[in-house]
Every structure is written in structure tokens, then in C-alpha cells.
Amino acid sequence: MTAAPPDDLEALAAHIAARLTAAAETRRGAWRTPVLATSTPHGPSARVVVVRSVEAARRRLEIYTDARSAKPGEIAADPRVALTFWDDAAAEQLRMTGSAGAVEDAGAVAARWRAIGPSGQALYGGDPERLVVLEMRWDAWDWLWIGAEPHRRARFTWAPDGTHRADWVDP
């Protein structure tokens, strides 16, 4: 088990942002593969995805998907999404909500295609048209640490103007 997370809410927010950034930069990081939940006409749909990039200051992250999967259509129909991250060793969970959409900038998508290289491109059958870059902008985090008694939980929410609120919550 790792050390206890910070007690100060702003320090905790920085801790979470650093973990998210590390998820995108560390191939085997604990938060690298969260569960993405979308809405469908038949109810929620959840699956494991890979975090590809994070810009914490802009409250955004990217995941990639195949154009043939259900994710692009589900998100186009209802952009509200949730991600759940879990780290067993640290006993830390993060639930993140926000909205997502496909990156429309063809140059940006082409740059992502080149960056994933031949092995990544093979996952899409070598067809760059199958790569969809999904961008999520979060508006809330619900963080839980169950590494000791009592458990600790915090909620962070962002207003459209970028201001945020942080509160400790009783689990």
C-alpha cells in the first residue's frame, strides 16, 4: 500500500491531476485503463479504455477507438460520459464525469495516427480512417481512498467558467 494521499483539498487535486497525467505517460500505470461509461437507448454501456493524453490544466483527456465500435455513435448521440479509475495498490478510486466528442481536426487525428506507430496502427487494420480520437472534458471528480479507517472521499466540481469547488464528503 502506498502512502496516504494529501489531507489538503488543493494538494489532493494536484495529486489526482498528477496521477491522471502519469496514466497517459506510463504504459503500465494503474490509472492507464479506466472504465468508460456511455448512454445508449437500451441503458448504460461500460468498457475498459486506454488513456492516451491528459491536459489537467484544460480538464481534458483523450482516448482512441475504432470507428466501427459503438463508442463514437453513443457519444455523438449523448456526449455525457463517465470514467472510473481504480488503483488496487493505492486503494484509490476516481470517478470522473463530463462530456466527450470526436476530435474533428484532421491534422490532429493524423498526428495521433503517426504517433501510435506501426504496432498501434495494426490495431486499426492499418487504416487511418478507423482511428477516432475521443476527447473528454471533465466537470466533476469523485475521489475515494479506502486505504485506512476511516475512508476518505472528496468531490471536485467545475463551473463552465473554470472555477471549481472542492469538498470533503462522507462516504
Next on the checklist: Using 0.5 Å steps for rounding, measure from the NE2 atom of H15 to the CG atom of L9.
Outcome noted: 12.5 Å
Checklist entry - Do side-chain atoms of S69 reach the backbone of T65 as a donor and acceptor pair under 3.5 angstrom? => result no
Checklist outcome for this item: Rounding to 0.5 Å, atoms CG (L134) and OH (Y64) come to a distance of 10.5 Å
Item to check | The single option from R137, R52, R112 passing salt bridge (charged side-chain N to carboxylate O under 4.0 Å, His left out) against E62 | outcome: R112
Next on the checklist: Consider side chain to side chain contact (heavy atoms under 4.5 Å, CB included). Of W141, F156, W145, which one does L12 pass it with?
Outcome noted: F156
Next on the checklist: Do the side chains of D167 and R155 get close enough for a salt bridge, i.e. N-O under 4.0 angstrom?
Outcome noted: no
Checklist entry - Between W143 and P5, is any pair of side-chain heavy atoms under 4.5 Å apart? => result yes
Checklist entry - So T38 and R47, side-chain hydrogen bond (donor to acceptor under 3.5 Å, both in side chains) or not? Walk me through it. => result CA-CA 9 Å; T38 57; R47 76 288 271 160; 3.1 Å; yes
Checklist entry - Are side-chain heavy atoms of I146 and E92 found at a separation under 4.5 Å? => result no
Checklist entry - Where is the tightest heavy-atom contact between R80 and D78, given as atom of each residue plus distance? => result NH2-OD2, 2.7 Å
Item to check | Sub-4.5 Å side-chain heavy-atom contact between Q121 and D127 | outcome: no
Checklist entry - Do the side chains of L20 and V51 get nearer than 4.5 Å, heavy atoms only? => result no
Next on the checklist: Tell me whether R32 is salt-bridged to E25, with the criterion being a basic N under 4.0 Å from an acidic carboxylate O.
Outcome noted: no
Item to check | Nearest atoms (heavy-atom pairs only) where P6 meets W168 | outcome: O-CH2, 4.1 Å
Item to check | Side chain to side chain, I116 and Y124, heavy atoms closer than 4.5 Å | outcome: yes
Item to check | Within one Ile-Leu-Val-Met-Phe-Trp-Tyr cluster: W86 and L144, side-chain cutoff 4.5 Å | outcome: yes
Item to check | Atom of A17, atom of A56 and distance for their closest heavy-atom approach | outcome: CB-CB, 3.7 Å
Item to check | Option among V35, L61, T97, I63 that satisfies the side chain to side chain contact (heavy atoms under 4.5 Å, CB included) test with L83 | outcome: L61
Checklist entry - Is R153 salt-bridged to D170, cutoff N-O under 4.0 Å? => result no
Checklist entry - So, T163 side chain and A159 main chain: donor-acceptor pair closer than 3.5 Å or not? => result no
Checklist entry - Under 4.5 Å between side-chain heavy atoms, hopping through other hydrophobics if needed: is there a path connecting V109 to V50? => result no
Item to check | Residues R60 and E135 bridged, charged N to O under 4.0 Å | outcome: yes
Checklist entry - Are L94 and D142 side-chain neighbours, meaning at least one heavy-atom pair lies under 4.5 Å? => result no
Checklist entry - Could you state the interatomic distance from NE2 (H42) to CD (E74), rounded to the nearest 0.5 Å? => result 9.5 Å
Next on the checklist: Is the shortest side-chain heavy-atom distance between V132 and V103 below 4.5 Å?
Outcome noted: no
Item to check | Worked check of side chain to side chain contact (heavy atoms under 4.5 Å, CB included) between V81 and I75 | outcome: CA-CA 8 Å; V81 297; I75 289 170; 3.9 Å; yes
Next on the checklist: Suppose we screen for ring pair (Phe, Tyr, Trp, His ring centres under 6.0 Å). Which residues come up paired with F85, at least two apart in sequence or across chains?
Outcome noted: W31
Checklist entry - Can K71 and D66 be counted as an ion pair, charged N to O under 4.0 angstrom? => result no
Checklist outcome for this item: Correct closest heavy-atom pair for R152 and A4 would be NH1-CB, 4.4 Å
Checklist entry - Should M136 and S99 count as side-chain neighbours, where that means a heavy-atom distance under 4.5 Å? => result no
Checklist entry - Side chain of R59, backbone of W138: donor and acceptor closer than 3.5 Å? => result yes
